[in-house]
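All remarks here apply to the structure that follows.
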Amino acid sequence: MSTERCGMVAIVGRPNVGKSTLLNHLLGQKISITSRKPQTTRHRILGVSTHEAVQIVYVDTPGLHQGEGKAINRAMNRAALGAVRDVDLVLMVVDRLQWLESDEQVLAAVRAAGKPVLLIINKTDQIEQKDALLPHIAALQEKYPFAAIVPVSALKGHNLEALEREIATLLPEAPHLFPPDQITDRSERFMVAEIVREKLMRQLGEELPYANAVQIEEFRQEGQTIHISALILVEKAGQKAIVIGRGGARLKLIGAEARIDMERLLGTKVMLKLWVKVKSGWSDDERALKSLGYQEES
Ligand SMILES: Nc1nc2c(ncn2[C@@H]2O[C@H](COP(=O)(O)OP(=O)(O)OP(=O)(O)O)[C@@H](O)[C@H]2O)c(=O)[nH]1
Ligand SMILES: [Mg+2]
């Protein structure tokens with residue numbers, strides 16, 4: 001048997017560059033929610049990929065953003081920066097040929113951590129000027145001694161095998177941390193709450209800011225069916241009305257979409273009940289955040 005390799009690999013970048021999409025496609029299974037809106041991911045989420053002697057433990061992180069703002073934003077930045085400290089390798093993701101001030105700040109943060117950094121140019125399927133890619137890569141090489149620069153399309157799965165091979169060469173020789181069939185460290189309860197949050201983010205346009213959180217009140221198996229009740233917390237009465245929609249239509253749609261994903265995840269029939277409750281100020285209240293799982297260990 002060849003020597004075991006294993007390492008922790010943080011996926012970082014500014015919001016919306018495709019970090020969670022990349023994780024899901026690397027794993028071939030959806031464990032981290034995604035949406036067109038920035039700041040979709042709020043927690044650190046592990047995704048474990050084991051192929052024979054190589055185990056890669058990916059850590060998806062919230063997009064690093066400026067402006068500390070509310071407690072929840074600070075908690076998200078802390079989660080992302082904490083992850084960078086704890087890993088063997090950092091994957092920094094950027095969007096096509098863009099290099100913004102916010103990318104520069106992400107680079108400053110990972111540089112400070114002193115870990116090897118592999119730069120991923122994502123969304124190559126949407127690059128119109130293909131011949132601009134090589135000069136862009138050359139310019140990026142000047143910015144930092146990246147371990148490698150790999151263009152991919154996370155969404156279409158382009159070049160992901162080459163990326164995985166590159167990652168494997170950068171991992172230390174070490175025993176595996178997880179059994180080969182384990183794919184995440186998160187509980188089914190957590191994943192179910194995240195599914196509801198994804199449908200909320202996708203259903204609501206700019207009307208609803210990020211002031212929503214989901215709490216699972218019940219998760220109970222009865223025969224072949226799992227009964228789930230989820231509470232959606234919003235900040236204001238007006239937001240509650242928006243989530244519920246006319247005659248409850250929007251909440252019904254969110255529930256129908258969430259149930260499909262939950263049944264796929266759990267492999268059983270799901271009876272889902274959704275509730276919406278106003279709890280003002282939770283997103284800027286450290287204690288409320290802690291009870292919603294936003295407190296990071298370190
Ligand atoms: N065309 C294209 N779209 C992509 C690709 N990767 C991600 N996207 C889209 O980009 C949007 C953001 O993707 P996410 O994976 O949620 O991005 P993220 O970096 O995790 O975002 P935050 O968690 O908010 O920081 C979604 O609409 C994805 O479908 C890609 O390779 N090509
Ligand atoms: Mg994400």
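Atoms within each ligand, like the ligands themselves, are counted from 1 in listed order.
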Does any N/O atom on R14 come nearer than 3.5 Å to any N/O atom on ligand 1?
-> no
Check whether any N or O atom of L155, backbone or side chain, sits under 3.5 Å from an N or O atom of ligand 1, and answer yes or no.
-> yes
May I ask you to identify, for [X], whether its side chain, its backbone, both or neither come under 4.0 Å of ligand 1 on a heavy-atom basis?
X: D125; value: side chain
X: Q39; value: backbone
X: V152; value: neither

State the atoms of ligand 1, each with its element, that fall below the 4.0 Å cut-off from a heavy-atom position in [X].
X: S35; answer: 11 (C), 12 (C), 13 (O), 16 (O), 26 (C), 27 (O)
X: G63; answer: 25 (O)
X: T21; answer: 6 (N), 7 (C), 13 (O), 14 (P), 15 (O), 28 (C)
X: R36; answer: 27 (O)
X: P38; answer: 24 (O)
X: Q126; answer: 1 (N)
X: K19; answer: 15 (O), 17 (O), 18 (P), 19 (O), 20 (O), 21 (O), 22 (P), 25 (O)
X: T34; answer: 15 (O), 16 (O)

Atom 21 (O) of ligand 1: which protein heavy atom is closest, and how many Å away?
->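 Of every protein heavy atom, N16 N, 3.0 Å lies nearest to atom 21 (O) of ligand 1.
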Can you name the one residue among T34, T40, T61, D60 that meets side chain to side chain donor-acceptor pair (under 3.5 Å) with S20?
->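 Of all the options given, the one that passes is D60.
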Of Q98, Q105, E104, which is the lone residue that meets side chain to side chain donor-acceptor pair (under 3.5 Å) with R14?
-> Q98
Does at least one non-hydrogen atom of A154 fall below 4.0 angstrom from an atom of ligand 1?
->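 A154 counts as a contact of ligand 1 under the 4.0 Å cut-off.
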Stepwise, does the side-chain contact (heavy atoms from CB on, under 4.5 Å) test hold for T41 with K19?
-> CA-CA 9 Å; T41 305; K19 300 177 293 299; over 6 Å; no
So, [X] versus [Y]: side-chain donor-acceptor pair below 3.5 Å or not?
X: K269; Y: T225; value: no
X: R189; Y: Q215; value: no
X: Q55; Y: E4; value: no
X: Q224; Y: T268; value: no

Nearest-0.5 Å distance that lies between atom CE in M92 and atom CD1 in I149 = 10.5 Å
Ring pair (Phe, Tyr, Trp, His ring centres under 6.0 Å) between H43 and F190: does it pass, once the steps are laid out?
-> CA-CA 10 Å; H43 306 266; F190 172 86; 5.2 Å; yes
Check: K277 and V234 side chains under 4.5 Å, non-hydrogen atoms =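 No. Closest side-chain heavy atoms not under 4.5 Å.
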Under 4.5 Å between any side-chain heavy atoms of R96 and E128, yes or no?
->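 With C-beta onward as the side chain, the pair stays apart.
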Whether T40 has an N, O or S atom under 2.8 Å from the Mg ion (ligand 2) |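 No.
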Mind checking whether the Mg ion (ligand 2) has an N, O or S of T41 under 2.8 Å?
->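 So T41 does bind the Mg ion (ligand 2) by this criterion.
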Determine, considering heavy atoms only, which of M76, H65, K123 sits nearest to atom 4 (C) of ligand 1.
-> K123
